[in-house]
Amino acid sequence: MSVLDRFEKSVEGAVNGVFNKFGSKDIQPVDLSSALEREIDKEAMAVGRDRTVAPNEYRFKLSSPDFDRIEQWGAETLANELADNLTKYAESQHYAFVGPVVVIFEEDLNLNQGDLTHLTSESVQGNAAPVTATNETKDCPVLEINGRQYLLTAPKTVIGRGSNCDIVIDDPGISRSHLEIDITDNGVIARDLGSTNGTYVEGHQVPAATLLDGNTITIGRTRILFWASSAPQE
């Protein structure tokens, strides 16, 4: 269960969540999530008749007490879950991204506790853009992970559990930087990055392998499907 789910259930009285120890005047994860949805709605911009692009990098400036509280919750985990929830929200609104969705927390000594008005966003070209609409225009190789598709928009895409990866997967069997996908003139190559549990392509553990359309990559408990093109299949 995610941080946000745990908090919502605690509010409903279903369970005693970790956030109940904080007073009602303190910011809560759902406040951050709501602020992100307002920001994406405000900044999303139509770039064609059927395409609306939204920022993919979001930066919260927070007071010292709020920043410390988020550190106690687990800033990296919360940032990843907020980014995942925002991607799902963007899908419901048919917004497109130019890169992976990232949420960043920064401390500002001059801000008052509970102030969430200092949230900024921008579009930053990345290595893997989550597919949120059917009208994505760029034809790229695609990875399908846990029911979500990602366009591989750069020559190298790093996948792992760490927040600095291009695609972050919450799976304890995956290393922080586990797998790299390289797009080369000779094909698309899956390359293990010295992971603890290895990388498997079609069930075979490999240090590196050239991917074919429809191949399955397994890292930890996660299965990744590779598609050579994002163009609709005939």
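Throughout, residue positions are numbered sequentially from 1 according to the sequence presented. Only this structure's heavy atoms are used, side chains among them; waters, hydrogens and symmetry mates stay out.
Side chain of Thr196 to backbone of Ser175: no donor-acceptor contact under 3.5 angstrom is found. Between the side chain of His178 and the backbone N or O of Gly198, at least one donor-acceptor pair lies under 3.5 Å. Distance alone, capped at 3.5 Å, places no donor-acceptor pair between the Glu122 side chain and the Glu57 backbone. At least one donor-acceptor pair under 3.5 Å links the side chain of Asn197 to the backbone N or O of Gly173.
For the pair Phe67 and Phe105, the tightest heavy-atom approach, listed with the atom from each and the gap, is CE1-O, 3.7 Å. Smallest separation of non-hydrogen atoms from Asp139 and Ser229: OD1-OG, 2.7 Å. Residues Asn110 and Asp108 share a closest heavy-atom pair of N-OD1, 2.9 Å. Considering all non-hydrogen atoms of both residues, Gly114 and Asp66 come closest at N-OD2, 2.6 Å. Minimum interatomic distance between Val168 and Gly162 (heavy atoms only, all atoms of both residues): CG2-O, 3.3 Å. The nearest pair of heavy atoms linking Ala154 to Gly126 is CB-O, 4.4 Å.
Atom CG in Leu62 sits 12.5 Å away from atom CG in Asn112 (nearest 0.5 Å). Glu76 contributes atom CD, which lies 10.5 Å from atom CD of Glu71 (distance to the nearest 0.5 angstrom). Asp192 CG to Ser177 OG: the interatomic distance, rounded to the nearest 0.5 Å, is 11.0 Å. The CG atom of Leu225 sits 10.5 Å away from atom CG of Asn146, with the distance rounded to the nearest 0.5 Å. Atom CG of residue Asn127 and atom SG of residue Cys165 lie 11.0 Å apart, to the nearest 0.5 angstrom. Interatomic distance, Thr210 OG1 to Asn186 CG, rounded to the nearest 0.5 Å: 8.0 Å.
In the hydrophobic clustering, Val102 connects to Ile104, either directly or through intervening members, whenever side-chain heavy atoms lie under 4.5 Å apart. Clustering of Ile, Leu, Val, Met, Phe, Trp and Tyr side chains at separations under 4.5 Å places Ile169 together with Leu143, Ile145, Tyr150, Leu152, Ile159, Ile167, Ile174, Leu179, Ile181, Ile183, Val188, Val201, Val206, Leu211, Ile217, Ile219, Ile224, Phe226.
Between Asp213 and Trp227, some side-chain heavy-atom pair lies under the 4.5 Å cut-off. At least one side-chain heavy atom of Leu36 sits under 4.5 Å from a side-chain heavy atom of Phe60. Trp73 has its side chain within reach of Gln28: a pair of non-hydrogen atoms, C-beta onward, lies under 4.5 Å apart. Residues Asp182 and Glu180 are in side-chain contact: their nearest non-hydrogen atoms beyond the backbone lie under 4.5 Å apart. Looking at heavy atoms from C-beta onward, Thr218 lies in side-chain contact with Arg223 at the 4.5 angstrom threshold. The closest side-chain heavy-atom distance from Glu202 to Thr216 is below 4.5 Å. The shortest distance between side-chain heavy atoms of Val158 and Lys156 does not fall below 4.5 Å. The closest side-chain heavy-atom distance from Leu111 to His118 is below 4.5 Å.
Note on Leu193: it does not cluster hydrophobically with Ile189, by side-chain heavy-atom contacts below 4.5 Å among ILVMFWY residues. Note: the hydrophobic cluster containing Tyr89 also contains Phe97 (ILVMFWY, side chain heavy atoms under 4.5 Å, direct or indirect links). Note on Leu119 and Ile70: same hydrophobic cluster, where clusters join Ile, Leu, Val, Met, Phe, Trp and Tyr whose side-chain heavy atoms are under 4.5 Å apart, directly or indirectly. Both Leu82 and Leu116 are assigned to one and the same hydrophobic cluster, defined by single-linkage of ILVMFWY side chains at heavy-atom distances under 4.5 Å. A single hydrophobic cluster is seen to contain both Ile27 and Leu86, as judged by linkage of ILVMFWY side chains at heavy-atom distances under 4.5 Å, directly or through other members.
With no hydrogens or angles considered, no side-chain donor-acceptor pair links Ser121 and Glu43 at under 3.5 Å. Asp115 and Thr117 share a donor-acceptor pair across their side chains, judged by distance under 3.5 Å alone. In summary, the side chains of Gln113 and Ser63 do not present any donor paired with an acceptor at a separation below 3.5 Å, with no hydrogens or angles considered. Inspection of the Thr222 and Asp171 side chains reveals an N or O donor paired with an N or O acceptor under 3.5 Å.
Taking 4.0 Å as the cut-off between side-chain N and carboxylate O, Asp41 and Arg38 do not count as a salt-bridged pair.
Within 6.0 Å of CG on Asp170 lie no more than 12 heavy atoms contributed by other residues, nucleotides or ligands.
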Subject >> Verdict with supporting geometry, Leu109 and Ser64, side-chain contact (heavy atoms from CB on, under 4.5 Å) >> reply: CA-CA 6 Å; Leu109 300 178; Ser64 293; 3.2 Å; yes
Subject >> Residue pair Tyr58, Ile40: steps toward the side-chain contact (heavy atoms from CB on, under 4.5 Å) verdict >> reply: CA-CA 9 Å; Tyr58 296 81; Ile40 196 173; 3.2 Å; yes
Original post:
Would Leu78 and Leu32 satisfy side-chain contact (heavy atoms from CB on, under 4.5 Å), going step by step from the backbone distance to the final call?
Top reply: CA-CA 10 Å; Leu78 181 58; Leu32 300 170; 3.9 Å; yes
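Every salt bridge (Lys or Arg N to Asp or Glu O under 4.0 Å) that Asp84 has, sequence neighbours left out, goes to Lys88, Arg148.
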